[in-house]
There are 4 protein chains.
Amino acid sequence: MTEGQKQWGGRFADGPAAIMEEINASIDFDQRFGLEDITASKAHTEMLSAQGIITPEEGSAIIAGLDEVLDEWQAGTLAYSATLEDIHTHVELRLREKIGKVAGKLHTARSRNDQVATDFRLWLRSAIDAILGDIRGLSLALVEVAESHTETPMAGLTHMQVAQPVSFAHHLMAYAQMFRRDAERLMDCRKRVNESPLGSAALAGTAFPIDRFKTAERLGFARPMANSMDGVAARDFALEFLSCASIHSVHLSRLAEEMVLWSSAQINYIRFSDAFSTGSSIMPQKRNPDAAELVRAKPGRIIGHLMGLLSVMKALPLTYAKDMQEDKEPVFATVDTLELCLAAMTGMVRDMQPNPEAMLDHLQGGFPTATDLADWLVRETGVAFREAHHMSGEIVRMAEHKGCDISELSLEEMQQVAPMLTEEIFTVLSIPNSMASRISYGGAAPETVMQQIEQYRKEFLICS
Amino acid sequence: MTEGQKQWGGRFADGPAAIMEEINASIDFDQRFGLEDITASKAHTEMLSAQGIITPEEGSAIIAGLDEVLDEWQAGTLAYSATLEDIHTHVELRLREKIGKVAGKLHTARSRNDQVATDFRLWLRSAIDAILGDIRGLSLALVEVAESHTETPMAGLTHMQVAQPVSFAHHLMAYAQMFRRDAERLMDCRKRVNESPLGSAALAGTAFPIDRFKTAERLGFARPMANSMDGVAARDFALEFLSCASIHSVHLSRLAEEMVLWSSAQINYIRFSDAFSTGSSIMPQKRNPDAAELVRAKPGRIIGHLMGLLSVMKALPLTYAKDMQEDKEPVFATVDTLELCLAAMTGMVRDMQPNPEAMLDHLQGGFPTATDLADWLVRETGVAFREAHHMSGEIVRMAEHKGCDISELSLEEMQQVAPMLTEEIFTVLSIPNSMASRISYGGAAPETVMQQIEQYRKEFLICS
Amino acid sequence: MTEGQKQWGGRFADGPAAIMEEINASIDFDQRFGLEDITASKAHTEMLSAQGIITPEEGSAIIAGLDEVLDEWQAGTLAYSATLEDIHTHVELRLREKIGKVAGKLHTARSRNDQVATDFRLWLRSAIDAILGDIRGLSLALVEVAESHTETPMAGLTHMQVAQPVSFAHHLMAYAQMFRRDAERLMDCRKRVNESPLGSAALAGTAFPIDRFKTAERLGFARPMANSMDGVAARDFALEFLSCASIHSVHLSRLAEEMVLWSSAQINYIRFSDAFSTGSSIMPQKRNPDAAELVRAKPGRIIGHLMGLLSVMKALPLTYAKDMQEDKEPVFATVDTLELCLAAMTGMVRDMQPNPEAMLDHLQGGFPTATDLADWLVRETGVAFREAHHMSGEIVRMAEHKGCDISELSLEEMQQVAPMLTEEIFTVLSIPNSMASRISYGGAAPETVMQQIEQYRKEFLICS
Amino acid sequence: MTEGQKQWGGRFADGPAAIMEEINASIDFDQRFGLEDITASKAHTEMLSAQGIITPEEGSAIIAGLDEVLDEWQAGTLAYSATLEDIHTHVELRLREKIGKVAGKLHTARSRNDQVATDFRLWLRSAIDAILGDIRGLSLALVEVAESHTETPMAGLTHMQVAQPVSFAHHLMAYAQMFRRDAERLMDCRKRVNESPLGSAALAGTAFPIDRFKTAERLGFARPMANSMDGVAARDFALEFLSCASIHSVHLSRLAEEMVLWSSAQINYIRFSDAFSTGSSIMPQKRNPDAAELVRAKPGRIIGHLMGLLSVMKALPLTYAKDMQEDKEPVFATVDTLELCLAAMTGMVRDMQPNPEAMLDHLQGGFPTATDLADWLVRETGVAFREAHHMSGEIVRMAEHKGCDISELSLEEMQQVAPMLTEEIFTVLSIPNSMASRISYGGAAPETVMQQIEQYRKEFLICS
């Protein structure tokens, strides 16, 4: 090992130059901005030309050149080099190679600071739109499975203990509702992403007679940002996206956890095909729910990215600091992870084979209609809730003692505890009847769930 | 130390009972829900009565009793006991003491699960409204200071290095813009907080002929939630609030960091009065910016609460699990911390005495009009941006060599580098002229900043 | 609402004074330092006297006075006031009330900065010792349960699917091993907590002829810290403790999650008594594992505290800043939470009633000895592992097809797949034989697990 | 867009197969394990052969084959394919291509679960050793700069306000002390990384007569892990490493923040050469401290990785779950980030040019010897500390009023406040005298700092 290597360590044996290149260059990740960078440059050029800041000929030359560079980027033939640091420099130098000195006019009345912020916002807006499409795709898959299972009873659990009968459809629709809110949250986030920093220049705006409304409109932004320092220093749009992604991923992980449990040998509510599980050559009955486990785990990654960027931005003075270069990788990684999780979850929802017998079997052992009994007493006989609750508990204890379900007790036995009971009580003690009775808005009754699904389709899946 | 103590450790010497009480009881913190719990119970009672589920007389008795309990809660005379576990039990038992057995009818067609979720959403909605008021108060303070300083030059920094002249007003308005977005984010969050879980009951809805739209309306909720399992299992409203609070606190910490730097002896841009700094009896010149340091630090706490609740909710199966009892303390602590930070920051903004001389002095050493020179060359002589940039750099180097500002060089000297320069160049080289020239929308020119302030007042401070 | 209220918001209607008191005062939480503050002051006083910096008489008077204040603190009669800000001021002023002007000599050659750091380290050292005792208590409970269950077969799971038979003891001992490492981690952390900052003074040390080795020794510290600026600015001891606590709490939550699953109706491996579960008056069979759910959830809180303090300390310049006042509450809250979780977990381990039938039943459905068959083929007949693996899979498939366990197939049936099999194979196909065969160090065989337990007792439970 | 594309989204148009490959494959990142995987396999093979589980000839063939595969891996000629999923499968299949069927014997008495854990621990142990070397390199750089600056006065700050004079050396050595503790923390972590899970097999150990102590010793592990389920399920070693890395990165960011401030135009304590800063072609005086800003920001990333893995592991049941595949990328990314930060920081420490004039200038404005005056009064005249403190404050106020330093006041003037002062007082009022007087252990006096440096060299830099 030479002296130089000793001083700098293996990877950085070349000293400062190697270190600075590694720590400064962003081309490894910001090459994803190719389309957005060129699109924004074209909009900027058109505006410069329209405002007479450059001549129409200069404008045309720049735009034609940019289109050629875009072709190369899209074809994957643009060569990258860490010494050119970032995608913006790559595009600019390639443009100069193509159209010569006039390329230098492109950077009039803007700076790297507003350019990066513009590209990032454009890219994230597209990513949000893609994710919104994926969330709708997953929600549609849930709805379609739910539609076939509004009458499939399943244990509604609290504390992992049987509480009341619900349908498999009702359970799945609870997730559909969460995902809808996740989508709405992203749409709200998109509003704040969709503002144009272009024209903020380095930080103070510019003396050139630019028209920021024109570039904003051209790029589909709702408006130009109202303060040039804010334009280059704000990263709350990225933090908000990471927050939305974290919350959505937590919802995905809740469903994934249920899938892991449901597909376990003990519980056996669902079975995944080979497409979404991994077998063991030695234990062919083993179906490891790998995809579900990974969707359960991946939020860790996304939450971590949120935590990271919050720490980076905390206590950072205005306006631009190099710290902010740490903003892109967590967002890219989050978008990729989320898209993968959404694809996997959509696939699993469509793939899983429910096992209604196991669901029913599990439900039956749990006296899930004890509440119905109590509610019937209140509703039909006017007993106060707390008393009815107590009587119902006594009857369950009686059934537990006899080793049967409460629906299997005789009326006489139950009347020992609650003399006001009549034959009619048996209409609420069966699981289907119990479920069918929950007709309050949002409740578990099959027809109510069907209405929920229709409303959901109309308000979320179709209209948008 | 007795055997029992050895087995359980000092604080829990009494064994399981002491442990379970400590781990289960939430009355220590959920006593804050007194108003919301009783308000929701009253709305529920009225609906039960209107729907004929209880008699009008029963309804009136319950409501009158609840009002008395509310009086006690508000007067602070309601006695708390950890054995009664939570605020809901406290209210219910106190009601029974007051009105007897009929109190038992209050819990008809609801459960602890939907009750807790309802209370929490009502409480958080109020808290958000209070915070929104505080954010507007802070923003108004910023605007009022800004209005006096649109012509006070200050160094616009990047990388903590002087870049271009801006005004103190422009810098402060960048924060006003961030705070406005923070408010808008909270308003979007409020929409998702403001949905009613009441009537979801334990998890499956109920067979009682309740009217969830009526209770929702009565409590100011926009609508009842569409799925009863979602109604009791969802906590994304809390996660979203914590995200909004984290992002806002990061913005506050950015301004706080600047205040710490600005008030340091080296930089000296502002001075805090005794009200917002702490002196040292031995070093009277020392003015520790304690409040600013704490506002800088407090986001750690809020971010931590967000991370904590994300971890709790990750991979949690439906519907209710005791884990979700961990949801309230982080939200309470976040609201308290944020309100304190907002009060402190508003106070500091109103208290700080700017020192325009120090700001100007600092700016002058930094050749902040070098960009103006380059831009002038582009604008007036048609030189390409990259070339103009190069010439300007040469002229700065010349000035640095002579130890003067570029505005102090003679035209002849500058023409050695850039022969196309004319006398007119001196109109852009002064700091006031430079600042005044930045008239692009959102730029640093005094009149532009004044327009920004007017638009801000109209759109954010007045209209809402 | 008055003007003042409008300006400052409800809680802070009194303006700056109320805000600063709220944001500055730490007496609410640092009153826990009473013992440590006085102990450290006594050690400092003795050293001042021994070094001739104060007279023996002054020293005696101060120490006697401090003892009186300590009595008051311990009796809970020391009155607290937010205007006196912190515990140090309370003690000092109370001392002055008791012994007059000589009290002023106590603060010779030290400052608030080194005093706070000293108190905090002393307090945390005690807390770590208490937690270490609790971890040993929990580990002992695990060991004692394990000793009765080395022959109780249980499904060893991967991906929640049955893989191989282990004993309940072996499973529990896996946690005992994790907890042991957690204890060792805390002991390593304790080394870094246990260094004395006392005598660092404000930040630069002092010109008084103090003896920092003497105070360090007197307070049980291993050594004085070697740099006075580091002495007052370092908080890595708190971060390290929060890291250790986070990792330990994650281990506790893993076991808690298993307990929630094990105690569910579907799985039914264990049953908690009323002491550690909550029933439902209406569904008496319901045993909500509240304590286990809370131990599962609490790491969220602790992880959040770690994240919070990491954010606070990131990028904080030397030496003391008010930001560092945010260090104590997360540590206090973490210690309290961890002690509660440890008490609850110890209680649950001692309370849970295992259900060996359910464990065995579950195991039998899963062909858990398929690996044994393959291993036997390799070991006894020299077939390569991958081939043996394949044959075993074929035999499992045959058994699955016939609806029986592989141990119920005839030798002839199995020989159709693997002709080299002999009668001897049946000795490895039973669950007890399979388990007994795993005699590799650390393996699942009853005698091996018993050796593991003995080693564990000797190395961790007894020797320390 | 085809149906398939619509259903699965662009990136996953091929449906389940594409999704599962993407979500399951780890070869993209675990290819870094090539050396460790083969080294561990060789040790395992030697043990199998020594124990008579395979023949010596089989053992030799496998080892020779593995060496060839290792050559290919090191030469970068081993071809990777996502369908082969991970590095272990790549190595095994390549081995089979080279040596045929006997390759199948390699996997005797082990499983993927213990193999992965073994590889990961070996890799991390090497990484820790590399980082420890880098920390020593950085510490040496600090020490070498410090040695030249024990007499260079600098303002010791609290709250960013001047407090007392220290030397530049003393300030730098505070960081050296932190870094030393960081190294010691990593060495403690290394102990827990350095245990062998090999032989835990799938989770239960094995019936083959393996010798786990032999493989452990061969691989440099301190011992085999004592419980096979713990062996495959434990990831606390990774969490502990991420914690150590987080704390160390926070220390690096504190120094980086100071460097950003020090190199700002306002403060100007240090200057970076072009090697560690980025200029602006237009503003040649601008030296953006990019590297320092990035070292300040990077802890966000590392803290985020810690947060992520803590969330993944929380509440994860035993033994192996696919979630744990999320363990490697955060550790790899953390090691890479930390090595980069260490190289950059070492470079910056060696590169920075201190500006003693600016340091002294700043110090002189701050009455930094006011404490010395008070201490002199206590020490020499027996005045109580609090009184002396008060007198010193009065004298500072007098100087401030006159616009001079306290050392420029006449004895008579000072005696108006403190009549007991003598000529001798001037010996402590100068900055060099003040600094020289701080001779308490760990204090700021030049000779004391020199002793600190010597002790540091001896205990940390040389002995290890």
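By convention in this document, chain letters (A, B, ...) are assigned in the order of the sequence lines, proteins followed by strands, and residues within each chain are numbered from 1.
Options C:Ile439, C:Leu310, C:Leu106 differ in how many heavy-atom pairs under 4.5 Å they form with chain D, and the most are formed by C:Leu310. When each of D:Val166, D:Leu239, D:Leu157 is scored by its heavy-atom pairs under 4.5 Å with chain C, the top score falls to D:Leu157. The residue among D:Thr55, D:Val260, D:Leu316, D:Thr108 with the most heavy atom pairs within less than 4.5 Å of chain C is D:Leu316. The choice from C:Ala234, C:Gly199, C:Ala233 that makes the most heavy-atom pairs within less than 4.5 Å of chain D is C:Ala233. No other option in D:Pro165, D:Pro299, D:Gly443, D:Ser253 has as many heavy-atom pairs under 4.5 Å with chain C as D:Ser253. Between chain D and the options C:His248, C:Met324, C:Arg235, C:Lys191, the largest number of non-hydrogen pairs under 4.5 Å is found for C:Lys191. Contacts with chain D were tallied for C:Arg181, C:Glu257, C:Met173; C:Arg181 has the most, counting heavy-atom pairs under 4.5 Å. For the set C:Ser249, C:Pro317, C:Gly156, C:Cys244, the count of heavy-atom pairs under 4.5 angstrom toward chain D peaks at C:Pro317. The greatest number of non-hydrogen atom pairs below 4.5 Å with chain C, out of D:Gly304, D:Ser440, D:Ala204, D:Ser246, is found for D:Ala204. Ranking D:Ala445, D:Ala444, D:Ala207, D:Ala321 against chain C, the residue ahead of the rest is D:Ala207, based on heavy-atom pairs under 4.5 Å. Residue with the most contacts toward chain C among D:His171, D:Lys101, D:Gln455: D:His171 (heavy-atom pairs, distance under 4.5 Å). With respect to chain D, the highest number of heavy-atom pairs below 4.5 Å among C:Ser228, C:Gly231, C:Cys189 belongs to C:Ser228.
For D:Ala256, no part lies near chain C; criterion is any non-hydrogen pair under 4.5 Å. Using a 4.5 Å cut-off between heavy atoms, C:Arg185 touches chain D through backbone and side chain atoms alike. For D:Arg212, the part sitting under 4.5 Å from any heavy atom of chain C is the side chain, from C-beta outward, and nothing else. Proximity to chain D is limited to the side chain of C:Arg96, based on heavy atoms less than 4.5 angstrom apart. Within the 4.5 angstrom heavy-atom criterion, atoms from both the backbone and the side chain of C:Glu240 approach chain D. Contacts of D:Glu387 with chain C are made by side-chain atoms alone, with heavy-atom separations under 4.5 Å and no backbone atom involved. Contact annotation for D:Glu58: neither backbone nor side-chain heavy atoms come within less than 4.5 Å of a heavy atom of chain C. Only the side chain of D:Asn113 comes within contact range of chain C, judged by heavy atoms closer than 4.5 Å. Residue C:His251 touches chain D through its side chain alone, counting heavy-atom pairs closer than 4.5 Å. Interface remark: D:Leu261 contributes side-chain atoms only to the contact with chain C (heavy atom separation under 4.5 Å). Of the two parts of C:Ile210, only the side chain, counted from C-beta on, holds a non-hydrogen atom closer than 4.5 Å to a non-hydrogen atom of chain D. Using a 4.5 Å cut-off between heavy atoms, C:Met229 touches chain D through backbone and side chain atoms alike. Using a 4.5 Å cut-off between heavy atoms, D:Met435 does not touch chain C at all. Heavy atoms of C:Arg296 lying under 4.5 Å from chain D belong to its backbone as well as its side chain. Residue contact with chain C, scored on non-hydrogen atoms closer than 4.5 Å, is absent for D:Glu380. At a 4.5 Å heavy-atom cutoff, D:Ser200 makes no contact with chain C through either its backbone or its side chain. In this structure, the portion of C:Ala297 lying under 4.5 Å from any heavy atom of chain D is its backbone and not its side chain. Only the side chain of C:Leu306 has a heavy atom closer than 4.5 Å to any heavy atom of chain D.
Contact check on C:Arg254 versus D:Asp236 returns no salt bridge, with no Lys/Arg side-chain nitrogen under 4.0 Å from an Asp/Glu carboxylate oxygen.
Contact detail for C:Phe237 and C:Arg192: the closest heavy-atom pair is CB-O, 4.1 Å. Contact detail for D:Val449 and D:Ser167: the closest heavy-atom pair is CG2-OG, 4.4 Å. Between C:Ile53 and C:Phe208, the shortest heavy-atom distance links the atoms CG2-CD2, 3.7 Å. Between C:Ile453 and C:Ala146 the shortest heavy-atom distance is CD1-CB, 3.9 Å.
Checking side-chain atoms of D:Gln51 against main-chain N and O of D:Pro209 turns up a donor-acceptor pair under 3.5 Å. D:Asp114 places a side-chain N or O within donor-acceptor distance of the main-chain N or O of D:Ala201, the cut-off being under 3.5 Å. Of the possible polar contacts, none joining the C:Asp230 side chain to the C:Asn227 backbone as a donor-acceptor pair under 3.5 Å is found.
With sequence neighbours excluded, the residues that form a ring-ring contact (aromatic ring centres under 6.0 Å, His included) with D:Tyr441 are C:Phe213.
Annotation: side chain of D:Leu318 is in contact with side chain of C:Met178 (closest heavy-atom distance under 4.5 Å). Using a 4.5 Å cut-off on side-chain heavy atoms (C-beta onward), D:Arg438 and D:His170 make no contact. You'll find the side chain of D:Met225 stays beyond 4.5 Å of the side chain of C:Gln177, heavy atoms only. The shortest distance between side-chain heavy atoms of C:Val428 and C:Thr369 does not fall below 4.5 Å.
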- Item | side chain to side chain contact (heavy atoms under 4.5 Å, CB included) evaluation trace for D:Leu203 with D:Tyr320 | CA-CA 8 Å; D:Leu203 64 85; D:Tyr320 184 80; over 6 Å; no
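Aromatic ring pairs are classed by plane angle as parallel below 30°, tilted from 30° to 60° and perpendicular above 60°; the pair C:Phe179 and C:Tyr175 is tilted.
For the atom pair C:Ser311 OG and D:Ile303 CD1, the distance stands at 5.5 Å (nearest 0.5 Å). The CG atom of C:Asp323 sits 10.5 Å away from atom CG of C:Leu309, with the distance rounded to the nearest 0.5 Å.
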